[in-house]
Structure formats: C-alpha cells, structure tokens
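A quick note: this is a predicted structure, and the numbers were derived from the prediction, not measured.
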Amino acid sequence: MSTAAPAAKHNMGRPEPRLESRLKVTGRARYASDLPVNNPAFAFLVTSPIARGRIAAIDARAARAIPGVLDIFTHENTGDLKPIKYAPGGGGPATSMQDFGPDIHHDGQIVAMVVADTFEAAREAAYAMKIAYDAERPSAGFDADGVTQAAVAKKTPNAGDAETAFDAAEVKLEVAYETPAQHHNPIELFTTTASWDGDELTIYEPSQFMYGAKANIATKLGMKPEHVRVVSPFVGGAFGCKAQLTPRTGLVALAAKKLNRPVKLVATRDQGFTIATYRAETRHRIKLGAQRDGKITSFQHDGFEVTSRPDAYSVAGVEDSARLYGFGAVKTGVTIVHADRNTPGFMRSPPVVPYIYALESAMDELAVKLAMDPIALRRRNDAMTDATGKEWSSRSLMKCYDEAAAAFGWAKRSAGPGSMRDGDWLIGWGCASAVYPTHIGASTGRVTLNSDGRAHVQVAAHEIGTGVMTVVGQIAAEHLGIRLDQVQVELGDSRLPPVPVAGGSNQTASCCSVIAQACDALMGRLNAAGGNSIEAKFEQLGVSTLEEYAEFIPQEARPNPGAEPSGNPIKKLYAGVPTLVGGSRGKKNMYAVGAEFVEVRVHARTREIRVPRIVGAFAAGRIMNTRTAHSQYMGAMIWGVSSALHEATEIDRRNARYVNDNLADYMVPVNADIQQLEVILVAEEDHEVNPVGVKGIGELGNVGTAAAVTNAIYHATGIRIRELPVRLEKLLMA
Ligand code: MOS
C-alpha cells in the first residue's frame with residue numbers, strides 16, 4: 001500500500017467545514033438520550049452520602065408509595081449482574097467497584113436506582129429512599145491517615161547513573177509540584193437508555209468505544225456480545241470519561257429487562273462526579289543536574305498519584321517526560337496512593353498533562369538558575385535520541401519554538417522577573433513544550449461506490465466533537481477521486497465495522513488508514529476496467545456498485561507468523577479489545593510536539609491574573625483538515641488556561657467528598673478570560689508513524705499551556721507557585 005503522500009487531488013488538509021455542523025447548530029443532531037424508544041420508563045439514581053462503611057438497612061416503603069414508581073433496584077435484587085474485572089484501557093470496566101452495596105467504597109457510589117413512569121416520579125421516590133449506613137472514617141487522598149502506597153507495576157524508564165550524575169552536576173535543581181483532581185464535565189451528561197427486543201439488547205449511550213461497551217455489557221449481563229448493539233451517533237463531550245464501562249449501564253439494562261420496557265437514565269451533574277472517572281491529584285519530585293552551558297546530565301522524576309482502594313489506576317507520565325529531551329541519565333518512578341475514592345480514569349492527555357507540567361516548570365526554573373533563555377535551554381537539550389538510546393521517528397520541537405517565538409515577539413522579552421510593566425499591570429512572558437504520543441490501532445471499514453460517483457463509508461467511529469466524520473469523508477473523497485459532497489459517512493453504531501477506542505488521539509490516524517486502504521483496493525478493481533470516467537468503468541464492469549471491506553493492521557501490531565488466531569488484532573478488535581501501538585512503545589519514539597507561548601498580566605496590588613495572549617505552534621505530521629485541527633488546538637489551549645488558573649475539584653477531606661460538584665462552583669474560563677489565541681500549524685512529514693502520516697492532535701494542545709502560564713506568572717512577579725491552579729490568593733499569600 002502506498003498512501004503516504006497521495007497527490008493532493010482533492011481536499012485532504014483543506015479547511016472543510018464539519019459535515020455535521022448544520023445538524024448540530026440547528027439542534028437536529030441526535031445524541032444517545034435523544035433517540036426515541038417506545039414508551040420509556042425513567043430512572044433516577046440514589047448515591048451514597050458516606051465514603052466508607054456499609055449499608056445497614058434499606059427502607060423503600062415511602063419511595064414505593066409514590067404514584068408512578070415501577071420498581072427500585074438495590075444490591076438486594078441485582079444479583080443477576082455478573083461480576084466483571086477492572087480493565088482500564090478502552091471499553092473495559094472503569095472500576096472494580098461495580099456493586100451497589102452493602103459495602104460502600106467511596107462517596108457518591110450508586111446504592112439504588114428508582115424506575116418510574118415519569119422522570120419526576122423517579123426523582124421524588126429517589127429522595128424518599130431511607131438508607132441507613134454504618135459509616136467509617138474515610139481516607140481522602142494524599143497525607144490522609146489510613147492510605148496505603150504501592151510502586152506502580154509497570155517498569156518506568158531508567159538510563160545511566162542519574163544519581164551520580166546529579167551529585168557531580170555543576171548546577172542542580174531539586175523541586176516539587178502538585179496538581180489537583182479535575183473532572184471532565186462534558187456538557188452531555190452520563191446517560192444510558194436500554195431497550196430489549198426479545199433477547200436482543202440495544203444500548204443508547206454516549207461512547208468513545210462502542211465495541212468495547214458491547215463486549216463488556218454482554219459480560220455484565222451474562223449474554224453473547226452478538227446480542228448487544230451499542231448506538232452512539234454523537235457524543236456531547238467525552239475527553240476520556242466515556243471510554244469505559246461504568247456501573248450504571250448494566251443496572252439500566254437489567255431494569256429494562258425486568259420491567260419489559262425501555263428504561264432511560266440521565267444522571268445529574270453532581271452524580272457525574274462519582275459514577276464515572278476523573279483526573280486524580282498528582283505530586284512530583286524532580287531533580288535536574290546540568291552543566292553551566294545548559295546541557296542536562298541528569299533527570300530524575302518521581303510521580304505520586306491518588307487512586308481508589310482496589311484499583312491501581314495510574315498515568316505514569318514519566319514514560320514521556322523521560323524522553324522529551326536528550327538527558328544524560330534518567331531515573332524515574334511512580335508511586336500510587338490508595339484512598340477511599342472512586343477510581344480515576346483517562347482525562348484529556350492523561351499522562352502528559354500533569355507530568356509535563358512538572359517537567360516544563362522545572363525546565364523554566366533551571367533556565368533561571370543558569371541565567372539562560374528558556375528556549376535556548378530546550379535547544380541545548382533537543383535530541384533525536386533519548387537517554388535510553390531510542391530514536392524519534394520525527395521531531396520538530398525547535399521548529400515549533402522558532403515559529404511560535406517569532407509570532408509572539410519573544411525577542412522583545414526582557415529576562416528579569418518583574419522587568420516588564422504596563423501601568424499597574426506586571427507583564428510576564430513564558431513558554432513550555434507540549435508533547436503527546438502518536439497512537440494507531442488495527443481498524444476496519446467498508447466503502448461502497450456507486451456508478452453515479454456517490455460513495456458510502458461505514459465505520460464504527462465515534463464523533464466526540466473532533467471532526468472525525470469530516471476527515472473520514474475527506475480521505476474517502478481523495479482516494480476515490482470524487483468530491484466531499486458525494487461522500488456519505490455513517491458512524492456511531494456497533495453494527496458498523498469496528499475501529500479502536502476514540503482515545504489516545506488515534507482515531508483520525510486509524511480510521512483514515514483503513515478507509516484509504518479500502519478506497520485504494522476498490523479503485524484498483526475499478527481501474528482494472530477500461531474507460532475514462534467512473535461511469536464508463538462501471539459500465540465496463542457491468543455493475544452499478546462496488547463494495548470493499550478492509551482490515552488495517554499497523555506494522556508494529558502485526559502478529560508473528562504462527563501466533564494464536566485469538567492474538568490477531570482484528571479478532572481482538574471485534575471482541576472489544578483495541579491494539580494501540582506507537583508513542584514510546586515501538587522501535588522508535590513517535591510523538592507530536594508543540595511550543596506554547598503565553599503573556600500574562602498580573603495586577604501589581606490585587607494580583608488579579610489575566611491572559612491576554614497565547615501562541616501555540618504544533619507539529620503533528622500530516623494535517624487532515626486545518627479547520628478542525630485549529631479548533632482542537634484552540635479548545636485545548638483554553639483548557640490549558642483552565643488547568644493553570646481555575647480548575648480543581650475541591651475535596652472535603654473529613655468526608656472524602658467532592659464539594660464543588662456542579663458547573664457553578666467548578667471553575668472554568670469564561671469568554672472574558674480568553675482573549676488572543678493564535679494557532680500555528682507547523683509543517684511536518686513522518687512516513688513511519690502510519691500510512692497516512694498522521695500524528696494525533698486531540699490531546700496535544702493542552703499539554704504545555706499550564707506550565708507556560710505559570711512560567712509567565714513567575715516572569716511577571718518573581719513568584720513561583722508550584723501547585724495548580726494558581727489563583728490570585730496564592731500570589732497574595734506568597
Ligand atoms: Mo482520551 S483521555 O485518551 O479519551
């Protein structure tokens with residue numbers, strides 16, 4: 001297959017508007033809970049007000065007496081749901097705590113679900129449930145009594161003798177950082193609708209991986225996956241929290257079966273904080289040793305992450321921080337801290353957001369110690385080979401710095417903290433690197449071309465807001481030699497050919513690779529016939545339509561000859577297990593990179609922080625659509641500002657309970673907080689990452705922002721805050 005650099009016949013890379021944009025802005029796009037089912041009953045969840053202990057007694061009499069109540073589900077009558085093992089990583093259960101009692105594992109655990117004829121009756125009855133608990137004192141997180149610690153199970157990168165190199169270094173930096181818990185808060189809530197037709201179950205649920213959901217729901221209900229269909233046409237924000245099976249889904253399916261009626265659940269905003277996953281708080285200890293000329297001889301990074309009691313979830317971003325620069329020697333480790341909390345999970349750029357924030361802050365602190373320009377320090381340590389000896393397939397980091405610095409006007413920066421001022425406002429300029437591993441997975445897809453030039457593309461992709469529908473349409477149009485408006489893209493249903501989880505920023509690369517392959521095979525058959533036009537070729541073939549189904553397996557995922565058929569990545573994909581390769585796992589490091597530059601203005605007296613200007617330059621291989629790519633980066637950098645200055649899930653440490661579990665108190669930037677935002681798409685070609693040359697971009701843009709903002713705050717004020725988010729009270733108290 002040679003699809004690495006097809007002639008730009010049509011529209012790859014062009015800023016095509018999203019195919020679904022009109023549907024979305026006119027309210028006609030149907031999300032999972034909008035899809036009509038016949039005569040649905042409505043569910044409402046009851047969640048635990050304690051974080052640790054046991055249910056002592058359940059009194060449902062008052063609830064059952066509410067008119068319209070059909071049934072109430074608790075741990076006492078849901079024993080038909082099968083146990084299922086915790087399996088993070090795409091479609092698997094998001095937590096091993098899948099029971100509804102009597103043991104309570106965390107605050108906000110589901111303990112009951114009321115189903116009624118109306119939503120209002122279900123809600124009223126849920127509030128009328130009387131549940132008595134034997135409460136125990138919970139451990140909320142870091143530093144709490146009763147937590148346990150463990151080293152992360154996976155091996156983390158080590159190279160050379162980092163401790164000796166640190167001791168011998170001319171300049172040393174030893175520093176600690178901390179990031180808070182955060183919740184995704186997608187605007188579309190966690191919803192599930194279950195509908196049975198005999199033994200056939202249909203689940204309507206927003207999903208980042210329909211085949212994974214299908215397989216795991218089947219396990220949960222003790223049925224065969226072929227009897228489960230998952231429908232998820234559009235997803236109203238996901239960011240990692242809709243990639244896995246959470247306890248509500250089996251419960252709703254069981255209720256629908258028992259009541260012999262479709263059941264619809266739309267969980268509330270506050271319930272979303274505890275019935276799904278979140279980004280847990282992290283701590284970092286970093287040691288950097290360098291020569292006076294800036295060459296870093298030693299890098300040590302120890303991460304600490306909070307997780308639940310039973311599940312060893314961790315993001316372990318030292319895998320990526322250890323490779324970002326040509327460190328002389330590297331020593332890394334990750335410790336997980338088990339507390340009485342719900343199990344954390346993937347949240348946009350899971351490993352790199354906290355770990356690269358720490359590294360990129362430390363790089364800025366080292367630059368200050370060396371009296372070196374922060375860009376020059378990165379240039380001094382820019383390397384195509386990491387400390388473990390692994391090469392990068394391509395790396396355009398300094399090109400990103402050069403383009404962003406020029407656009408930002410970095411040359412006009414005066415180095416001293418507090419040296420730039422505009423009246424009462426202290427001006428600070430800071431920068432930081434962004435990096436995200438490039439992933440791709442085995443994928444399948446089907447393309448049908450009609451003699452009139454219209455094509456139909458079928459792929460079980462997930463439109464989580466990224467624009468995948470549009471780029472799949474573009475790649476098909478290009479490889480079939482037709483216009484984009486001649487292509488219809490069908491996605492969002494587990495009856496379509498599977499692609500991996502829409503996570504790890506692999507979806508565009510995976511879907512485009514398989515659809516390009518299908519289109520090329522189809523055109524091969526068509527071109528074997530004579531004739532100059534599509535119509536003439538079809539006439540020669542004597543058919544009016546051609547169909548091609550393709551299976552794409554990335555080079556590094558190809559099974560060894562003689563391997564078990566069950567190890568075949570396509571078989572595994574159909575069974576709901578994606579095989580993602582790339583990043584640091586292959587023979588070469590495969591990463592997208594970027595450089596982010598931020599101007600902050602800090603009021604000299606009130607310490608109010610403003611961000612008038614951000615410039616981000618990103619290199620991520622081939623860009624399929626400059627408009628959707630631009631949107632991804634813009635949204636990501638806005639989220640980065642959020643991480644730097646606003647966002648934190650506040651935890652009541654006495655009760656191990658989230659306090660600001662609503663959109664009024666969970667702080668995010670508003671329009672007034674975001675002013676000038678410039679995105680630069682840096683040209684890069686990489687033919688090793690995958691046939692279409694695409695690196696993922698969905699999780700790149702928000703990686704460098706937080707450190708760029710805090711580095712700029714240091715430059716404005718001379719105050720280094722090492723604990724996110726930086727709110728003005730931290731600057732006032734410093
Ligand atoms: Mo993304 S957090 O890999 O769904």
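The closest side-chain heavy-atom distance from T268 to F44 is below 4.5 Å. The shortest side-chain heavy-atom distance between T202 and V231 falls under the 4.5 Å cut-off. You'll find the side chain of P500 reaches within 4.5 Å of the side chain of L580, heavy atoms only. Using a 4.5 Å heavy-atom cutoff, the side chains of T193 and L35 are not in contact. Using a 4.5 Å heavy-atom cutoff, the side chains of V263 and R261 are not in contact. Residues H462 and K242 fail the side-chain proximity criterion, which asks for heavy atoms closer than 4.5 Å. A 4.5 Å side-chain heavy-atom check between L251 and I110 finds at least one atom pair inside the cut-off. Between T466 and T628, the closest side-chain pair of non-hydrogen atoms is not below 4.5 Å.
The closest donor-acceptor contact from the side chain of S494 to the backbone of Y211 lies at 3.5 Å or more, if one exists at all. Distance alone, capped at 3.5 Å, places no donor-acceptor pair between the E281 side chain and the E178 backbone. The closest donor-acceptor contact from the side chain of T282 to the backbone of E305 lies at 3.5 Å or more, if one exists at all. Distance alone, capped at 3.5 Å, places no donor-acceptor pair between the Q109 side chain and the A51 backbone. A side-chain donor-acceptor contact under 3.5 Å links T307 to the backbone of D311. A donor-acceptor pair under 3.5 Å is absent between the side-chain atoms of T579 and the main chain of G441, judged by distance alone. Under a 3.5 Å cut-off, the side chain of D197 and the backbone N or O of E200 do not form any donor-acceptor pair. Side-chain N or O atoms of R348 include none that pairs as donor or acceptor with a backbone N or O of V703 at under 3.5 Å. With hydrogens and angles disregarded, a donor-acceptor distance shorter than 3.5 Å links the side chain of E463 to the backbone of M469. Side-chain atoms of K214 never come within 3.5 Å of backbone atoms of G576 as a donor-acceptor pair (strictly under, hydrogens ignored).
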Would you please test T249 and I203 for side chain to side chain contact (heavy atoms under 4.5 Å, CB included) and show each step? CA-CA 8 Å; T249 309; I203 297 283; 4.2 Å; yes
Tell me, with the steps shown, if Q208 and V235 meet side chain to side chain contact (heavy atoms under 4.5 Å, CB included). CA-CA 8 Å; Q208 291 174 256; V235 181; 5.6 Å; no
I'd like to know whether T649 forms a side chain to side chain contact (heavy atoms under 4.5 Å, CB included) with Y666, so could you lay out the CA-CA distance, the side-chain angles of the two residues, the decisive distance to 0.1 Å, and finally the verdict. CA-CA 7 Å; T649 301; Y666 188 91; 3.3 Å; yes
Run V501 and F346 through side chain to side chain contact (heavy atoms under 4.5 Å, CB included) and show every step you take. CA-CA 12 Å; V501 57; F346 312 107; over 6 Å; no
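Atom CG of N216 sits about 11.5 Å away from atom OG1 of T246, to the nearest 0.5 Å. Atom CD in Q458 sits 8.5 Å away from atom CD in Q488 (nearest 0.5 Å). Taking OG1 of T95 as the start and CG of L245 as the end, the distance is 10.5 Å to the nearest 0.5 Å. Distance CG/L201 to NE2/H227: 11.0 Å, rounded to 0.5 Å.
Ring planes of Y31 and F234: tilted class, angle from 30 to 60°. Note on ring orientation: taking the six-membered ring where Trp is involved, the planes of Y278 and H183 are parallel (angle under 30°, cut-offs 30° and 60°).
Applying the salt bridge (Lys or Arg N to Asp or Glu O under 4.0 Å) criterion to K258, with sequence neighbours excluded, gives no partner residue. Residues meeting the salt bridge (Lys or Arg N to Asp or Glu O under 4.0 Å) test with D134, sequence neighbours left out: none. For H106, the ring-ring contact (aromatic ring centres under 6.0 Å, His included) test picks out no residue, with sequence neighbours left out. Every salt bridge (Lys or Arg N to Asp or Glu O under 4.0 Å) that R52 has, sequence neighbours left out, goes to E136, D340. Not a single ring-ring contact (aromatic ring centres under 6.0 Å, His included) links W196 to another residue, sequence neighbours left out.
Between N342 and A276, the shortest heavy-atom contact is ND2-O, 3.1 Å. Closest of all the heavy-atom pairs between A644 and L724 is O-CD2, 3.9 Å. Listed here is the closest heavy atom pair of K154 and A316: CE-CB, 3.8 Å. Across all their heavy atoms, L45 and Q271 have their closest contact at O-NE2, 3.0 Å. Here the closest heavy-atom approach between residue T343 and residue S308 is recorded as OG1-OG, 2.8 Å. Between L221 and A253, the shortest heavy-atom distance links the atoms CD1-CB, 3.5 Å.
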Acceptor/donor pairs from residues 59-79 side chains to any protein atom, 3.5 angstrom cut, sequence neighbours excluded:
residue: D59; atom: OD1; partner: R61; partner atom: N; Å: 3.0
residue: D59; atom: OD1; partner: R61; partner atom: NE; Å: 3.1
residue: D59; atom: OD2; partner: R61; partner atom: NH2; Å: 2.9
residue: R64; atom: NH1; partner: D71; partner atom: OD1; Å: 3.4
residue: T74; atom: OG1; partner: E76; partner atom: N; Å: 3.1
residue: N77; atom: OD1; partner: T74; partner atom: N; Å: 2.8
residue: N77; atom: ND2; partner: I72; partner atom: O; Å: 2.9
residue: T78; atom: OG1; partner: T74; partner atom: O; Å: 2.8

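A salt bridge is absent between E647 and R279: the closest approach of a Lys/Arg side-chain nitrogen to an acidic carboxylate oxygen does not fall below 4.0 angstrom.
Of the N and O atoms on the side chains of Y658 and R341, at least one donor lies less than 3.5 Å from an acceptor on the other residue.
Geometrically, R283 engages F142 in a cation-pi contact defined by less than 6.0 Å to the ring centre and at most 45° from the axis.
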